[in-house]
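Quick one: the structure is below, and I'll ask about it shortly.
In what follows, residues are counted from 1 in the order of the sequence shown.
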Amino acid sequence: FQAVGGLPVTKVFTLGSGLTNYMVTVDGQPTALISTLTAAALQTALRALTNVGSTGVTVTGSGSGPFTAVFSVPVINVSAAGVGGTVTVV
């Protein structure tokens, strides 16, 4: 849980082995299914959300993660669900 006033908000995504695709939900708004397991794909999916916007998050990380997402917009709840493996968000 992150206080709305505390910007930026940083979340770390760790992709489990066997993961084939996943979705992220930000404050109740789900991304499209993410099947390319890269930081760029996660950033693109998050920026497509209306509550994040085209400049509201920057995602870094190499290979298949972990990925660090730094939100410059207020977010409270960020979660993820995967197929074939787990995605941990802290």
Side-chain angles (χ1 to χ4, degrees):
F1 182 79
Q2 176 71 36
V4 171
L7 292 176
V9 176
T10 301
K11 298 292 183 181
V12 177
F13 292 77
T14 303
L15 310 182
S17 63
L19 185 72
T20 56
N21 54 55
Y22 65 106
M23 277 181 28
V24 177
T25 302
V26 178
D27 292 337
Q29 194 171 69
T31 65
L33 197 61
I34 305 167
S35 58
T36 303
L37 308 181
T38 64
L42 175 57
Q43 178 174 286
T44 297
L46 291 171
R47 286 183 173 183
L49 298 176
T50 58
N51 60 348
V52 175
S54 63
T55 59
V57 67
T58 301
V59 181
T60 58
S62 59
S64 58
F67 305 130
T68 301
V70 179
F71 292 87
S72 59
V73 295
V75 298
I76 297 172
N77 296 309
V78 180
S79 62
V83 174
T86 60
V87 181
T88 305
V89 183
V90 292

(request) Only pairs at least two apart or in different chains count here, so list each side-chain hydrogen bond (donor to acceptor under 3.5 Å, both in side chains) that has a residue in residues 33-49. (result) none

(request) Could you grab the distance from atom CZ of Phe13 to atom CG of Leu46, nearest 0.5 Å is fine? (result) 5.5 Å

(request) Indicate the atoms forming the closest heavy-atom contact of Val89 with Ala80, along with that distance. (result) CG2-CB, 3.8 Å

Going by atom type alone, with no hydrogens or angles, which donor-acceptor pairs under 3.5 Å involve a side-chain atom of residues 16-33 and a protein atom two or more places apart or on another chain?
residue	atom	partner	partner atom	Å
Thr20	OG1	Val83	O	3.0
Asp27	OD1	Ile76	N	3.0
Asp27	OD1	Asn77	N	2.6
Asp27	OD2	Ile76	N	3.2
Gln29	OE1	Thr50	N	3.0
Gln29	OE1	Thr50	OG1	3.4
Gln29	OE1	Asn51	N	3.2
Gln29	NE2	Thr50	OG1	2.8
Thr31	OG1	Val24	N	3.1
Thr31	OG1	Val24	O	3.4

Pairs of donor and acceptor atoms involving the side chains of residues 57-70, under 3.5 Å and at least two apart or interchain, shall be tabulated with distances.
none

